[in-house]
Amino acid sequence: MSAAGNDAMTNRPTPTPAAVEAEGITKNYGPVTALKPTSFAIPAGRYFVLLGPSGGGKTTTLRMIAGLIRPTGGRVRINGVDVTDQPADRRDTSMVFQGSALFPHMTVEQNVAYGLTLRRLPRDAIRAQVLDMLKLVGLAGFERRRPHELSGGQQQRVQLARALVLKTSVILLDEPLAALDAQLRRDMCFELKHIQESVGITFVHVTHNQEEAMTVADEIALIADGELVESGTPGHMYESPRRRFTAGFVGENTLFDGIVRHDGAAASLAVAEGLSLPLPPAPGVDWASADGRAAAVSVKAEDFRLAAGAGAEPGAVETPVEVVDAFYLGFSTVMHVRLPTGHAATVRMATRSLPGRFAPGDRAFLSWRPDAVRVHLA
C-alpha cells in the first residue's frame with residue numbers, strides 16, 4: 001500500500017509544507033561571510049520577524065528568500081517548492097521595500113496596478129482589485145493622488161497595497177517603517193498586524209527595532225554577526241531568553257557575567273569580589289556539574305526595586321547602590337545605578353510606586369527577587 005493510502009486509512013492529514021523554509025542557507029562575499037548556515041521554517045499565515053542589529057545578516061536572509069540574492073549554499077523552499085535557482089519574478093512572493101519605492105510620475109492607482117498590468121489582466125478587473133486593496137489599507141479615495149501628495153505612512157500603505165494586490169502567498173517587508181517617526185511607526189505597526197491577520201498571508205518582516213518586532217510578530221528570529229542567535233515568540237524572547245546576546249538586545253536588561261560556584265547545596269554566580277548572586281533552578285541545568293563554568297545572568301529593568309533603606313522587600317537579593325541619574329517618563333521613571341563593584345544596573349519603576357524622587361548621587365538599596373534572575377550559559 002502506498003504511503004498516501006496508509007495516511008488515508010489512519011485518517012492522518014498530510015503535513016502542510018511551511019510557507020517559507022530555509023535549509024542551511026549561507027552567503028559569502030569572497031572571504032567575508034555575511035550569513036552562516038541558517039535554517040528555519042515559517043508556517044503559513046504567520047507574521048515572522050527577522051530582528052537584529054545593522055549588518056547582522058537579516059536583510060541578506062530576506063533577499064535570498066526573495067530571489068534577489070543567490071545563496072552560496074543551502075536551499076530555499078516556498079510552499080514546499082525548491083525555489084533556490086528560480087529568479088525573483090518566478091517566486092510566489094512580493095516585496096515591500098524600505099522608504100518610498102513608488103513611481104513618482106504615476107498615481108496611487110497606477111502604482112498599485114503596476115504588477116497586475118504586467119500580467120495583462122483586463123482593465124476592469126485591475127481597477128476593481130486595486131480599489132479593494134486601497135480600501136483594505138485605508139486609502140479609499142486616494143487613487144488619483146501622486147506619491148508627493150502623500151505622507152510617509154500613506155506611501156508605505158500604497159507599497160503594501162501594491163504587494164498585496166498580486167495575491168502571492170508570502171509578503172516580504174524590508175525595514176518598511178525605518179523612515180517613519182516614532183509615533184507613525186507605532187501606528188503603522190498596528191495597521192500592519194491588523195492587515196496581516198485580515199488577509200491571512202504569511203508576512204516576513206526585517207527590522208532592527210525591537211518594539212516594532214514585538215508589536216507585529218507571531219515569531220521572532222534574532223540574527224546577529226551572520227548567525228541565527230535565537231528564535232521564539234515575542235513573549236519567550238522578552239521573558240525567557242536562552243542566549244546572553246538575546247538578553248542584551250531584547251528588552252531593557254542588566255547583565256552580570258561570572259563563574260558558577262556550587263557548594264553542594266546551592267549555586268551562585270561569583271561576579272566580582274563582594275558580589276555573589278544566588279542562582280535559581282534552571283531547566284536542564286545541573287549546577288553541580290556546571291561548577292567553575294562561565295555564565296551570565298540577567299534581570300529585567302522592571303524587576304528591580306529601588307528603596308531609600310534596606311529590607312524593603314523581604315526575601316529579595318539586595319545591595320547598596322549609588323544613583324547615577326534618573327529620568328522621569330510620566331508613567332515610569334528610569335534610573336541608572338552603580339553597585340559597589342562598579343557594575344551598572346538599569347531600574348524602571350512605575351512613578352507612582354516610587355518611595356520618593358531619587359537624584360544623582362543619592363544612596364539607595366537595589367533589590368530583586370531570586371526568581372527574577374534569568375540564566376544564560378551561552
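Residues: numbered from 1 along the sequence shown.
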Problem - side-chain contact (heavy atoms from CB on, under 4.5 Å) assessment of L177 paired with C189 - result: CA-CA 8 Å; L177 310 181; C189 282; 3.7 Å; yes

Exercise for the section: In sequence, state the C-alpha distance, the side-chain angles, and the governing distance for F103 and Y114, and then conclude on side-chain contact (heavy atoms from CB on, under 4.5 Å). Expected result: CA-CA 10 Å; F103 298 113; Y114 182 74; 3.8 Å; yes

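- At distances below 3.5 Å, at least one donor-acceptor pair connects side-chain atoms of N209 with backbone N or O atoms of E211.
- Here the straight-line distance linking atom CG of L62 with atom CG of L173 works out to 8.0 Å at 0.5 Å rounding.
- Formation of a donor-acceptor pair under 3.5 Å by the E230 side chain with backbone atoms of L222 is not found in this model.
- Of the residues listed (V199, L116, V165, L139), the one engaging M133 in a side-chain contact (heavy atoms from CB on, under 4.5 Å) is V165, and it is the only one.
- Contact detail for L134 and A161: the closest heavy-atom pair is CD2-CB, 4.4 Å.
- Put simply, the side chain of F365 does not reach to within 4.5 Å of the side chain of V321, judged on heavy atoms.
- With no hydrogens or angles considered, no side-chain donor-acceptor pair links Q154 and R157 at under 3.5 Å.
- Side-chain contact of D218 with T233: a donor-acceptor pair under 3.5 Å is absent, judged by distance alone.
- Side-chain contact check for D92 and S169: at least one donor-acceptor pair (N or O, by modelled atom type) lies under 3.5 Å.
- Side-chain contact between V297 and L279 is present, with at least one heavy-atom pair separated by less than 4.5 Å.
- A donor and an acceptor atom, one from each side chain of N111 and R146, are nowhere located under 3.5 Å apart.
- Taking the ring centre of F142 as origin, the terminal cationic atom of R145 falls inside the region bounded by 6.0 Å and 45° from the ring axis.
- A donor-acceptor pair is defined here as one N or O able to donate and one able to accept, closer than 3.5 Å; no such pair exists between the side chain of K300 and the backbone of V373.
- For R244 and F249, the positive end is not near the middle of the six-membered ring at less than 6.0 Å and at most 45° from its axis.
- When all heavy atoms of A294 and I259 are compared, the closest pair comes out as CA-CD1, 3.9 Å.
- The distance from atom OG1 of T351 to atom CG of L329, rounded to the nearest 0.5 Å, is 7.5 Å.
- Looking at heavy atoms from C-beta onward, V324 lies out of side-chain contact with P360 at the 4.5 angstrom threshold.
- Heavy atoms only, all atoms of each residue included: A88 and L68 are closest at CB-CD2, 4.0 Å.
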Exercise for the section: Could you check D132 against K135 for salt bridge (charged side-chain N to carboxylate O under 4.0 Å, His left out), going step by step and ending with a plain yes or no? Expected result: CA-CA 5 Å; D132 283 346; K135 182 177 180 181; over 6 Å; no

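- Because its NZ or CZ atom is both nearer than 6.0 Å to the ring centre of Y29 and within 45° of the ring axis, K27 counts as a cation-pi partner of that residue.
- Under the 4.5 Å side-chain contact rule for hydrophobic residues, F97 and L160 do not share a cluster.
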Handout entry: Residue pair F203, V96: steps toward the side-chain contact (heavy atoms from CB on, under 4.5 Å) verdict
Key = CA-CA 10 Å; F203 276 31; V96 177; over 6 Å; no

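- Looking at V20 and R77, their side chains never come closer than 4.5 Å, going by heavy atoms from C-beta outward.
- Among all heavy-atom pairs drawn from V323 and V337, the shortest one is CA-CG1, 4.2 Å.
- Both cation-pi conditions hold for R357 and Y328: the charged atom is under 6.0 angstrom from the six-membered ring centre and inside a 45 degree cone around its axis.
- For the pair T107 (side chain) and Q110 (backbone), a donor-acceptor distance under 3.5 Å is present.
- For the 3.5 Å distance criterion, the side chains of R242 and H236 qualify, holding a donor opposite an acceptor.
- When every heavy atom of P104 is checked against every heavy atom of P147, the shortest pair comes out as O-CD, 3.8 Å.
- Remark: side-chain polar atoms of T207 are not paired, donor with acceptor, to backbone N or O of A213 under 3.5 angstrom.
- Connection of I78 to I25 is established within a shared hydrophobic cluster, with ILVMFWY side chains joined at heavy-atom distances below 4.5 Å, either directly or through further cluster members.
- Between the OG atom of S298 and the NE2 atom of H376 there is a distance of 2.5 Å, given to the nearest 0.5 Å.
- The neighbour count for E273 CD, taken as heavy atoms of other residues, nucleotides or ligands under 6.0 Å away, does not exceed 12.
- Checked by atom type and distance alone, the side chain of T202 never pairs as donor or acceptor with a backbone atom of V170 at under 3.5 Å.
- Side-chain contact, E212 with H205: a donor N or O sits under 3.5 Å from an acceptor N or O.
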Handout entry: L164 and I195: CA distance, side-chain angles, deciding distance, side-chain contact (heavy atoms from CB on, under 4.5 Å) verdict
Key = CA-CA 10 Å; L164 287 168; I195 290 169; 3.8 Å; yes

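- No donor-acceptor contact under 3.5 angstrom links the side chains of R261 and S268, judged on distance only.
- With hydrogens and angles ignored, the 3.5 Å screen pairs no side-chain donor or acceptor of E227 with any backbone N or O of D225.
- Put simply, the side chain of D291 gets close to the backbone of H262: a donor and an acceptor are under 3.5 Å apart.
- In this structure, CZ on R305 lies 13.5 Å from CD on E318, to the nearest 0.5 angstrom.
- The hydrophobic cluster containing Y238 does not contain V299, counting ILVMFWY residues as joined when their side-chain heavy atoms lie under 4.5 angstrom apart, directly or transitively.
- Side-chain contact annotation: T346 with E252, donor-acceptor N/O pair under 3.5 Å absent.
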Practice task
Determine, stepwise, if the pair T33 / N28 fulfils side-chain hydrogen bond (donor to acceptor under 3.5 Å, both in side chains).
Solution key: CA-CA 4 Å; T33 299; N28 298 328; 3.1 Å; yes

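- To the nearest 0.5 Å, the span separating CG on L50 from NE2 on H208 amounts to 14.5 Å.
- At least one side-chain heavy atom of E197 sits less than 4.5 Å from a side-chain heavy atom of K193.
- Residues L269 and S276 are not in side-chain contact: their nearest non-hydrogen atoms beyond the backbone lie 4.5 Å or more apart.
- For the pair M237 and Q210, the minimum side-chain heavy-atom distance is 4.5 Å or more.
- Between the side chain of S367 and the backbone N or O of E313, no donor-acceptor pair lies under 3.5 Å.
- The hydrophobic clustering, which links ILVMFWY residues whose side-chain heavy atoms are closer than 4.5 Å, places V49 and M64 apart.
- The two atoms that bring D85 and R75 nearest to each other are OD2-NH2, 3.4 Å, heavy atoms only.
- Under 3.5 Å, the side chains of T168 and S94 contain a donor-acceptor pair of N or O atoms.
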Practice task
Might you work through the salt bridge (charged side-chain N to carboxylate O under 4.0 Å, His left out) test for R63 and D174, ending with a clear yes or no?
Solution key: CA-CA 9 Å; R63 289 176 174 265; D174 185 11; 3.6 Å; yes

Practice task
Please lay out, stage by stage, how F327 and H336 fare under the test ring-ring contact (aromatic ring centres under 6.0 Å, His included).
Solution key: CA-CA 9 Å; F327 302 96; H336 297 142; 5.8 Å; yes

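- No side-chain donor-acceptor contact under 3.5 Å links Q196 to the backbone of V216.
- Here the CG atom belonging to D303 is positioned 11.5 Å from the CE atom belonging to M349, to the nearest 0.5 angstrom.
- Residues V250 and I223 are members of separate hydrophobic clusters, defined by side-chain heavy-atom contacts under 4.5 angstrom among Ile, Leu, Val, Met, Phe, Trp and Tyr.
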